[in-house]
Asks: 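Structure in structure tokens, see below.
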Amino acid sequence: MRELSVTESVPEDVVTLVREARQVVALSGAGMSAESGVPTFREVQRGLWERFSAEELATPDAFEADPALVWTWYRWRQALIAAVEPNPGHRALAAWQRHLADQGGWLAAVTQNVDDLHERAGTDVLAHLHGSITTHRCADCQEPVEVPDPAYDGFTVPPEPEQPPRCPACQEGLARPDVVWFSEMLPAEAFDAATAAIRASDLVIVVGTSGIVQPAASLPLLGLERGVPLIEINPEETGLTEVMDFAIRGRSGEVLPRLLAAAGIPLDRR
Ligand code: BV8
Ligand code: ZN
């Protein structure tokens, strides 16, 4: 594995890999949205939630124990995501996806993020492995629940928690976000699509993930088994660094545009 800093010019062999790839999988994590102002999972929670880690709040038990606290956390995060914009990293992936489509290839975006910043940058996302924060369902009957946009600005932490709405279908259950909580199974369709894409890929880019949360963190290993080149983009070492061919130490909003430019891939034609 070769570790490269963002200040260095992108080495020729990495540029060649990016230029010549035709079936690319980009696996993204919270770091992809950090430069947009979306806190990563490593960051401490604030206000109502300062006593909890994200891993503690993102569980069925936490929702069972205090539905209003967990519900408000998700509504506040949803408002924050709505208030921020995709960053140059998101837009670079969208440009790369368009470029490869024109070349008869493809870029499959597979994300652990529950935000919609990839889509808002113009990327067609193959799989939201951990669901989406913008849609909701009943915690009991699983029926979809329409919920109005949150009344928060996304920056001010709500002073007190709000109760989740009751499900209009079964009149019993409470609405919950369509995300995958810890100890819950991933959506099979999304996970299967991700594994199929990696099996068919000729390059895997792993962007902004600590490589801790399973089974998402095992996906790049499928590429390793098949000898697919693996490139990590992250300012820090991760749980996946040791299996990477290249680790570019830098922020995805800076590294991705530079990588594409070095490979002669047009960034923004819109
Ligand atoms: C399951 C949705 C079956 C909700 C999320 C095997 C071994 C050990 C444990 C397990 C195992 N198998 C299962 C488990 C349990 C668990 C797990 O993995 N626990 C971890 C903590 C050890 N997995 C599960 O529960 C999964 N379900 O396996 O079901 C089962 C059931 C019962 C028992 C066994 C099996 C479900 C996991 C999904 C949980 N839901 N999100 C929500 O968002 O609220 S996970 C959530 O956290 C995110 O979606 C994301 O996936 C994860 C955070 O990880 P990252 O995205 O990597 O982000 P992180 O903050 O950690 O790091 C940020 C990175 O970005 C850093 O590296 C940083 O350096 C970098 N960075 C920062 N700035 C930038 C940057 N990079 C680039 N540019 C920058 N500017
Ligand atoms: Zn219901």
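All of these numbers come straight from a predicted model, not from anything done at the bench. Basis for what follows: all heavy atoms, side chains included, without hydrogens, waters or symmetry-related copies.
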Asks: Tell me the closest heavy-atom pair linking Ile133 and Gln78, and the distance in Å.
Replies: O-CD, 3.6 Å
Asks: Please check this pair: side chain of Asp115 against backbone of Leu117, looking for a donor-acceptor N/O pair closer than 3.5 Å.
Replies: yes
Asks: In Å, rounded to the nearest 0.5 Å, how long is the span from CD of Gln112 to OG of Ser33?
Replies: 11.0 Å
Asks: Locate the shortest heavy-atom distance separating Trp73 from Ala54; write the atom from each residue and the value.
Replies: CH2-O, 3.8 Å
Asks: Without placing hydrogens or testing angles, list every side-chain donor-acceptor pair under 3.5 Å for residues 210-224, not counting sequence neighbours.
Replies:
residue, atom, partner, partner atom, Å
Gln214, OE1, Ser218, N, 3.4
Gln214, OE1, Ser218, OG, 2.5

Asks: Just by modelled atom types, is the His128 backbone N or O under 3.5 Å from a matching donor or acceptor in the Asn113 side chain?
Replies: no
Asks: Any donor-acceptor pair under 3.5 Å linking the side chain of Glu242 with the backbone of Gly239?
Replies: no
Asks: Checking Leu129 against Val180 for the side-chain contact (heavy atoms from CB on, under 4.5 Å) test, could you report, in this order, the C-alpha distance in whole Å, the side-chain angles of both residues, the deciding distance, and whether it holds?
Replies: CA-CA 8 Å; Leu129 298 171; Val180 179; over 6 Å; no
Asks: Identify the two heavy atoms, one from Trp76 and one from Pro158, that lie closest to each other, and give their separation to 0.1 Å.
Replies: CD1-CD, 3.6 Å
Asks: Is there side-chain contact between Pro88 and Glu254, with at least one heavy-atom pair below 4.5 Å?
Replies: no
Asks: Picking from Gln142, His136, Arg137, His130, what satisfies side-chain hydrogen bond (donor to acceptor under 3.5 Å, both in side chains) with Asp178?
Replies: Arg137
Asks: Is the backbone of Asn234 close enough, under 3.5 Å, to the side chain of Arg251 for a donor and an acceptor to pair up by distance?
Replies: no
Asks: Locate the shortest heavy-atom distance separating Arg91 from Pro86; write the atom from each residue and the value.
Replies: NH1-O, 3.0 Å
Asks: If we ignore hydrogens and angles and just use 3.5 Å, is the side chain of Gln97 paired with the main-chain N or O of Asp124 as donor and acceptor?
Replies: yes
Asks: Please output the side-chain donor-acceptor pairs of residues 19-26 that fall under 3.5 Å, not counting sequence neighbours, one pair per line with the distance.
Replies:
residue, atom, partner, partner atom, Å
Arg22, NH1, Arg19, O, 3.3

Asks: Could you go step by step and tell me if Val14 and Ile231 meet the side-chain contact (heavy atoms from CB on, under 4.5 Å) rule?
Replies: CA-CA 8 Å; Val14 174; Ile231 299 177; 4.0 Å; yes
Asks: Is a side-chain donor or acceptor of Ser132 paired with a backbone partner of Thr134 at a separation under 3.5 angstrom?
Replies: yes
Asks: To the nearest 0.5 Å, how far apart are CG in Asp13 and CG in Asp245?
Replies: 10.0 Å
Asks: For Ser36 and Glu85, indicate whether the former's side chain and the latter's backbone hold a donor-acceptor pair under 3.5 Å.
Replies: yes
Asks: Can you tell me how far the CH2 atom of Trp71 sits from the CD atom of Gln163, to the nearest 0.5 Å?
Replies: 11.0 Å
Asks: Between Asp153 and Thr156, do the side chains contain a donor N or O and an acceptor N or O under 3.5 Å apart?
Replies: yes
Asks: Is the closest side-chain heavy-atom distance between Met32 and His118 below 4.5 Å?
Replies: yes
Asks: What I'd like to find out is whether the side chain of Leu57 reaches to under 4.5 Å of the side chain of Tyr74, using heavy atoms alone.
Replies: no
Asks: Would you call the rings of Trp181 and Phe63 parallel, tilted or perpendicular, where under 30° means parallel and over 60° means perpendicular?
Replies: tilted
Asks: Specify the closest pair of heavy atoms between Ala94 and Ala121, including all atoms of both residues, with the distance to one decimal.
Replies: CB-O, 3.2 Å
Asks: Is the CD atom of Glu12 crowded by more than 12 outside heavy atoms at less than 6.0 Å?
Replies: yes
Asks: Name all residues meeting the ring-ring contact (aromatic ring centres under 6.0 Å, His included) criterion together with Trp106; count only those two or more places apart in sequence or in a different chain, and write none if there are none.
Replies: none
Asks: Is a donor on one side and an acceptor on the other found under 3.5 Å between the side chain of Arg226 and the backbone of Arg199?
Replies: yes
Asks: Checking Arg98 against Trp96: charged group under 6.0 Å from the ring centre and within 45 degrees of the axis?
Replies: no
Asks: Quick one: are Pro168 and Val145 in side-chain contact, heavy atoms under 4.5 Å?
Replies: yes
Asks: Would a distance-only check, ignoring hydrogens and angles, find a side-chain to backbone donor-acceptor pair under 3.5 Å from Thr59 to Glu56?
Replies: yes
Asks: Can you tell me how far the CG atom of Leu174 sits from the CG atom of Asp140, to the nearest 0.5 Å?
Replies: 7.0 Å
Asks: Should the pair Glu184-Arg176 be classified as a salt bridge under the 4.0 Å nitrogen-to-oxygen rule?
Replies: yes
Asks: Just checking, is any N or O donor in the side chain of Thr123 or His90 under 3.5 Å from an acceptor N or O on the other one?
Replies: no
Asks: Determine whether Trp49 and Val70 satisfy the following criterion, side-chain contact (heavy atoms from CB on, under 4.5 Å), listing intermediate values before the conclusion.
Replies: CA-CA 9 Å; Trp49 312 288; Val70 172; over 6 Å; no
Asks: Looking at CG of Asp61 and CZ of Phe182, how far apart are the two atoms once the value is rounded to the nearest 0.5 Å?
Replies: 12.5 Å
Asks: Same cluster or not: Val125 versus Ile198, using hydrophobic residues (I, L, V, M, F, W, Y) connected whenever any side-chain heavy atoms lie under 4.5 Å apart?
Replies: no
Asks: Under 6.0 Å from the CD atom of Glu64, do we count more than 12 heavy atoms belonging to anything else shown?
Replies: no
Asks: Strictly distance-based, threshold 3.5 Å: is any side-chain N or O of Thr195 a donor or acceptor partner for the main-chain N or O of Phe191?
Replies: yes
Asks: How far apart are the closest heavy atoms of Val207 and Ser252, and which atoms are they?
Replies: CG1-CB, 3.4 Å
Asks: Check Glu232 with Arg249, please: is the shortest side-chain N to carboxylate O separation under 4.0 Å?
Replies: yes
Asks: For Ile233 and Leu256, run side-chain contact (heavy atoms from CB on, under 4.5 Å): C-alpha distance rounded to whole Å, both residues' side-chain angles, the deciding distance at 0.1 Å, then the answer.
Replies: CA-CA 8 Å; Ile233 298 173; Leu256 282 166; 3.6 Å; yes
Asks: Indicate if Leu260 and Leu107 have the same hydrophobic cluster label, given that clusters are the connected sets of ILVMFWY residues with side-chain heavy-atom separations under 4.5 angstrom.
Replies: yes
Asks: Answer whether the closest heavy-atom distance between the side chains of Glu189 and Pro187 falls below 4.5 Å.
Replies: no
Asks: Would you compute the distance between atom CG of Leu126 and atom OG1 of Thr111 and round it to the nearest 0.5 angstrom?
Replies: 11.5 Å
